[in-house]
Amino acid sequence: MLDITITRTTAPKQKPDENHLGFGHFYTDHMFIMDYTAGQGWHSPRVVPYQPLLLDPAAMVFHYAQESFEGLKAYRTAEGQVQLFRPNKNAERMQKTHERLCIPTIPVEDFVQAVKALVSVDADWVPSAPGTSLYLRPFTIATEAHLGVKPSDAYQFIIIASPSGAYYAEGLNPVKIYVEDEYVRAAPGGTGAIKCGGNYAASLAGQTKAHAMGYSQVLWLDGIERKYVEEVGSMNCFFKINGVIRTAPCSGTVLPGITRMSCIELLRDWGYTVDCETRLSIQEVMEAAQNGTLEEIFGTGTAAVVSPVGKLYYEGTEITVGNNEIGPVTQRLYDTLTGIQWGTLPDEKGWVVTI
Ligand code: COI
């Protein structure tokens, strides 16, 4: 159990208009920080006023990208309560990221306690307008000032919070996706299955190309053959083909999304066959679109929630999915998941943690 000290701001900020939040534009009054020092471990957990960081320019995070991050949300229920969705899963995933990047791990209960502490202090920042939440961004950075390549001796674990609305400007309208056949996001043995900034930096060239062509996101193919669908930069991707729901297996190059695992569980409860073990080739997707068996495509993610995909572009051909409208399974998943998160549906699975 952490002994968290709390220093409240003396200059609270003005809160933004809840109906025009967008994603990731505004930050609350406070932040959580905890330090790691070799020989001492994680120490000095504290909630302090939101402020810039003071780091040595030689801090290793700037040079060798030893960094991890997570994303989760706090939701306000109609009764005014604040709740989190499966925060222990974020804590467990961050441990895996830290192990892969040689960063000391943080106990699951400490991570969850830190999240709760910040959300409690900034509780009046959890918005209540429909479709809004307080997006939480825990991250760890290597802070030792050193230019040799090796694991850092010092780190900071920080949590910031951002009142946010929909991730995509499209909201729940279908997004257009560009299938990238030149750049790759991940390769076996690499870092595709963990959440680190480097994965996202490497995705920007593909994303910029996609944007220039009028597409909002990139669908990545496997790094060896550029044949099998993997994930979209900010979400996992599901395909309903001939009644069966398929998504890329999490076998080392795909991020194990918490929304992904929750959707698979819900879909199986509803009696759908979900195949998340067999790889799906982009050729199969294009053929299913031609022969009329491609029923729905949707993405899942904490920020993106459940987002319908209306168009897919691959090597000169653009296909339209479900008349470019949200499909029934996508809609049901969105309604059920957000119903549990905002407390309008019962939490039969014990996924919700009340603050
Ligand atoms: C999230 O969904 O929380 C993510 O971390 C994706 C992010 C790149 C917006």
Side-chain angles (χ1 to χ4, degrees), residues 21-28 65 67-75 84-98 100-101 111-112 115 118-119 126 131-141 157-172 175 177 180 185-186 191-208 210-211 216-220 230-238 247-248 250 253-264 298-309 333-334 337-338 341 351:
L21 290 173
F23 179 82
H25 296 295
F26 304 100
Y27 302 96
T28 61
E67 183 266 358
S68 74
F69 77 96
E70 272 300 324
L72 70 164
K73 287 173 172 172
Y75 306 84
L84 304 168
F85 185 73
R86 311 187 80 177
N88 52 322
K89 293 287 171 204
N90 295 90
E92 287 164 12
R93 188 170 62 185
M94 188 173 240
Q95 288 192 328
K96 294 217 164 62
T97 302
H98 282 202
R100 177 65 178 81
L101 298 180
F111 175 103
V112 174
V115 167
L118 178 63
V119 175
V126 183
T132 62
S133 56
L134 185 66
Y135 183 79
L136 302 161
R137 171 53 61 86
F139 62 105
T140 306
I141 51 173
F157 170 62
I158 301 168
I159 310 174
I160 55 173
S162 174
S164 291
Y167 184 70
Y168 293 117
E170 291 91 335
L172 202 51
V175 293
I177 302 274
E180 176 57 58
R185 175 188 171 274
T191 57
I194 60 161
K195 213 153 171 61
C196 62
N199 289 345
Y200 296 80
S203 77
L204 297 177
Q207 182 174 308
T208 303
H211 282 179
S216 17
Q217 287 281 312
V218 168
L219 173 61
W220 298 100
E230 295 217 316
E231 67 176 77
V232 174
S234 55
M235 50 189 196
N236 295 110
C237 202
F238 288 69
T247 190
C250 284
T253 52
V254 170
L255 189 79
I258 293 150
T259 314
R260 174 189 183 276
M261 71 172 77
S262 307
C263 285
I264 292 172
F298 56 91
T300 63
T302 297
V305 194
V306 177
S307 289
V309 174
L333 272 177
Y334 178 86
L337 203 65
T338 56
Q341 291 168 336
W351 284 344

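Numbering of ligands and ligand atoms starts at 1, following listing order.
Not one N or O of Leu72 is nearer than 3.5 Å to an N or O of ligand 1, by distance alone. Not one N or O of Tyr200 is nearer than 3.5 Å to an N or O of ligand 1, by distance alone. The shortest N/O to N/O separation between Ser234 and ligand 1 does not fall below 3.5 Å.
Side chain of Arg185 to backbone of Gly233: no donor-acceptor contact under 3.5 angstrom is found. Here the side chain of Thr247 pairs a donor or acceptor atom with the backbone of Cys237 at under 3.5 angstrom. The main-chain N or O of Ser164 is never found under 3.5 Å from a side-chain atom of Tyr167 such that the two would form a donor-acceptor pair. Side chain of Ser162 to main chain of Phe26: a donor-acceptor pair is present (N/O by atom type, distance under 3.5 Å, no hydrogens or angles).
Residue contacts with ligand 1, taken as heavy atom pairs separated by less than 4.0 Å, do not involve Met235 at all. Neither the backbone nor the side chain of Lys73 has a heavy atom within less than 4.0 Å of ligand 1.
Protein heavy atom closest to atom 5 (O) of ligand 1, with residue, atom name and distance, is Lys195 NZ, 2.8 Å. In terms of protein heavy-atom proximity, atom 9 (C) of ligand 1 is closest to Tyr167 CE1, 3.5 Å. With respect to atom 3 (O) of ligand 1, the closest heavy atom belonging to the protein is Tyr135 OH, 2.6 Å. Given atom 2 (O) of ligand 1, the protein heavy atom at minimum distance is Ala303 N, 2.8 Å.
In this structure, Arg137 is part of the shell of residues with a heavy atom less than 4.0 angstrom from ligand 1.
If you number the atoms of ligand 1 from 1 as listed, the ones under 4.0 Å from a heavy atom of Phe69 come out as 5 (O).
Ion pairing between a basic and an acidic side chain is recognised when a charged N comes within 4.0 Å of a carboxylate O; Arg137 and Glu70 show no such pairing.
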Check against side-chain contact (heavy atoms from CB on, under 4.5 Å), Lys73 and Leu134: CA-CA 5 Å; Lys73 287 173 172 172; Leu134 185 66; over 6 Å; no
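In this pair, Phe23 and Tyr135 present their aromatic rings perpendicular. The plane angle is above 60°, beyond the 30 to 60° band.
Under the 3.5 Å distance criterion, with hydrogens and angles disregarded, no donor-acceptor pair is assigned to the side chains of Thr140 and Glu67.
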